[in-house]
Protein chains: 2
Amino acid sequence: MTETAETRTERKERTRRAILDAALRLSADGSLGVLSLRQVAKEVGVVPTAFYRHFSSIDELGLTLVEESFVSLRAMLRDARTIAPDVDSAQALFLAIVDSSVSSLVAHVHDDHAHFRFIARERFAGPPAVREAVGHQLQLVERELATDIARIPGSEQWSGEDLLVLANLIVTAMIGHAEALVDAAARPREVARIAETARAQLRMVLIGALNWRSVS
Amino acid sequence: MTETAETRTERKERTRRAILDAALRLSADGSLGVLSLRQVAKEVGVVPTAFYRHFSSIDELGLTLVEESFVSLRAMLRDARTIAPDVDSAQALFLAIVDSSVSSLVAHVHDDHAHFRFIARERFAGPPAVREAVGHQLQLVERELATDIARIPGSEQWSGEDLLVLANLIVTAMIGHAEALVDAAARPREVARIAETARAQLRMVLIGALNWRSVS
DNA sequence: CGTTTCAGTGTACGAATGTTCACTGACTTT
DNA sequence: AAAGTCAGTGAACATTCGTACACTGAAACG
């Protein structure tokens with residue numbers, strides 16, 4: 001009534017969250033496929049059948065986790081867009097973009113282990129429905145990234161197709177690094193090394209794209 | 001005795017192969033984790049306990065499949081190295097390298113669906129032991145590719161570190177495309193589109209690497 | 001030819017799985 | 001204050017799982 005009381009909907013939402021978290025935690029080794037409704041229920045501390053009050057199947061749970069994970073990923077993209085304003089030369093802008101992107105990646109992966117690992121895992125493994133959902137979301141992210149890139153000075157020469165190809169390359173590479181970052185989370189030296197690799201690759205790719213039309 | 005006879009070791013090898021093939025086929029949806037010894041046995045047409053005559057666990061089966069899959073991947077790399085000899089300019093050599101690599105990728109993925117899908121899948125999902133094995137093998141492949149790249153004229157400026165970073169980027173991107181190629185195997189238009197994307201990315205990356213030292 | 005080896009059989013077991021159904025009791029609504 | 005809603009319970013089910021064990025019979029061997 002006053003303040004400590006918990007409304008019924010709040011309670012329900014709380015167990016729903018607990019289920020999602022437990023599923024994320026338990027599927028960390030092995031994909032969603034090796035995740036049993038009963039395991040999740042036990043981890044949450046409810047009886048197996050209670051699961052059905054929130055999700056009709058593991059697949060539906062999976063689709064929810066996909067959406068959640070991509071909220072995290074988009075938050076990272078948003079952060080990556082905010083760069084230091086003290087850029088004078090085009091080259092400084094370039095490095096600023098790369099640094100900001102990789103910093104954002106490292107920071108968000110650190111805070112959101114589970115979501116990034118989930119995306120990397122279920123992208124290729126996982127139930128078909130989930131895999132498809134991840135693929136679709138990734139495509140959207142690539143488009144989003146492509147329009148971001150299109151705002152970089154000097155990118156006017158690129159066709160829409162080029163932009164998508166470039167975005168696809170970047171997204172794929174960064175997902176790989178995200179997974180590596182999760183694995184290396186406990187070893188700071190390793191994290192720094194991966195971050196440096198990501199930076200180098202991003203620079204390579206952008207430089208390559210800049211000199212692009214000169215070839216084909 | 002004469003010719004139709006089958007020695008005992010041959011018979012054993014035959015069922016062993018059947019088990020490996022069945023496992024590859026059955027794990028196509030969902031990772032190795034969602035693969036039961038009994039499913040495999042039923043698919044092969046033997047009784048469940050017969051499995052143990054060949055592998056002591058699913059993990060061991062998995063490690064064997066990892067080795068097998070990378071034999072396929074290395075075969076692709078070897079093919080990619082053989083390029084048309086009629087290259088005169090440095091630019092023609094470049095395009096020849098890119099074309100040869102992507103053609104090899106498309107051809108081998110077409111013939112070896114299962115192995116490439118297996119690598120893409122178990123790299124992030126799959127039992128820890130298998131994931132580790134895939135990671136290790138990928139590292140070896142990256143080194144191998146790095147020495148290949150080092151033989152390209154104009155690459156003398158790159159440090160060993162640069163080469164590895166570049167190889168890592170290429171391998172990651174190509175594995176992604178391999179998976180996409182498998183999914184699109186039945187739609188030739190889609191296959192062609194993916195191949196073109198792969199070509200474009202490979203060119204971008206190489207061009208980027210060529211203009212590399214000029215920045216950092 | 002007699003003996004050994006061993007790939008594959010058949011049974012049996014406890015444990016874990018997804019899903020059903022009728023239930024309870026605290027919160028919400030009237 | 002009475003009636004209704006509904007998140008969570010608890011028992012029961014048919015399957016499937018990994019694995020232990022004793023076995024069979026044909027190929028390999030001395």
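Treat the numbers as computed from the prediction; the structure is a model and nothing was measured. All values below come from the heavy atoms of this structure, side chains included, with hydrogens, waters and symmetry mates left out.
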Next on the checklist: Tell me every residue that passes ring-ring contact (aromatic ring centres under 6.0 Å, His included) with Phe51(B), counting only those two or more places apart in sequence or in another chain.
Outcome noted: Phe55(B)

What pairs with [X] under side-chain hydrogen bond (donor to acceptor under 3.5 Å, both in side chains), at least two apart in sequence or on another chain?
{"X": "Gln201(B)", "answer": "Asn168(A), His177(B)"}
{"X": "Glu68(A)", "answer": "Arg17(A), His115(A)"}
{"X": "Asp99(A)", "answer": "none"}
{"X": "Glu132(B)", "answer": "none"}

Checklist entry - When you look at Arg117(A) and Glu179(A), which way does the salt bridge (charged side-chain N to carboxylate O under 4.0 Å, His left out) test go after all the steps? => result CA-CA 6 Å; Arg117(A) 224 173 121 57; Glu179(A) 166 70 19; 2.6 Å; yes

Item to check | Which residues share a side-chain contact (heavy atoms from CB on, under 4.5 Å) with Leu164(B), sequence neighbours left out | outcome: Arg143(B), Ala146(B)

Next on the checklist: Counting only heavy atoms not in Arg74(A) (residues, nucleotides, ligands), do more than 12 fall under 6.0 Å from its CZ?
Outcome noted: yes

Item to check | Selection: residues 33-43 of chain A, any non-hydrogen atom under 4.0 Å of DNA chain C | outcome: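 The stretch gives Ser36(A), Leu37(A), Arg38(A), Gln39(A) as the residues lying under 4.0 Å from the strand, ordered by number.
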
Item to check | Residue pairs passing the side chain to side chain donor-acceptor pair (under 3.5 Å) test where at least one lies in residues 36-50 of chain A, sequence neighbours excluded | outcome: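 Checked against side chain to side chain donor-acceptor pair (under 3.5 Å) - neighbours excluded - the pairs reaching residues 36-50 of chain A are Arg25(A)-Glu43(A).
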
Report, one line per pair, each donor and acceptor closer than 3.5 Å where one atom sits in a side chain of residues 186-196 of chain B; sequence neighbours left out.
residue	atom	partner	partner atom	Å
Glu196(B)	OE1	Arg199(B)	NE	3.2
Glu196(B)	OE2	Arg203(B)	NH2	3.4

In whole angstroms, how far is the [atom2] atom of [N] from the [atom1] atom of [X]?
{"X": "Phe55(B)", "N": "dG18(D)", "atom1": "CZ", "atom2": "P", "result": "15 Å"}
{"X": "Glu60(B)", "N": "dG18(D)", "atom1": "CD", "atom2": "C1'", "result": "16 Å"}
{"X": "Glu13(A)", "N": "dG8(D)", "atom1": "CD", "atom2": "P", "result": "11 Å"}
{"X": "Lys12(B)", "N": "dT5(C)", "atom1": "NZ", "atom2": "P", "result": "15 Å"}
{"X": "Tyr52(B)", "N": "dA20(D)", "atom1": "OH", "atom2": "C1'", "result": "9 Å"}
{"X": "Phe51(A)", "N": "dT17(C)", "atom1": "CZ", "atom2": "P", "result": "13 Å"}

Next on the checklist: Taking any heavy-atom pair under 4.0 Å as a contact, classify Val46(A): base, sugar-phosphate, or nothing.
Outcome noted: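 The answer is sugar-phosphate, as Val46(A) gets under 4.0 Å only of primed atoms, P, OP1 or OP2.
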
Checklist outcome for this item: Per-nucleotide protein contact along nucleotides 22-30 of chain D, 5' to 3', at a 4.0 Å heavy-atom cut-off (B base, S sugar-phosphate only, - neither), is ----BBS--

Output side-chain donor-acceptor pairs under 3.5 Å for residues 76-83 of chain B, partner residues at least two apart or in another chain, one line each.
residue	atom	partner	partner atom	Å
Arg81(B)	NH1	Asp148(B)	OD1	3.1
Arg81(B)	NH1	Asp148(B)	OD2	2.4
Thr82(B)	OG1	Asp79(B)	O	2.9

Checklist entry - Considering only heavy atoms, which members of residues 15-25 of chain B lie under 4.0 Å from some atom of DNA chain D? => result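 Per residue number, the list is empty: none.
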
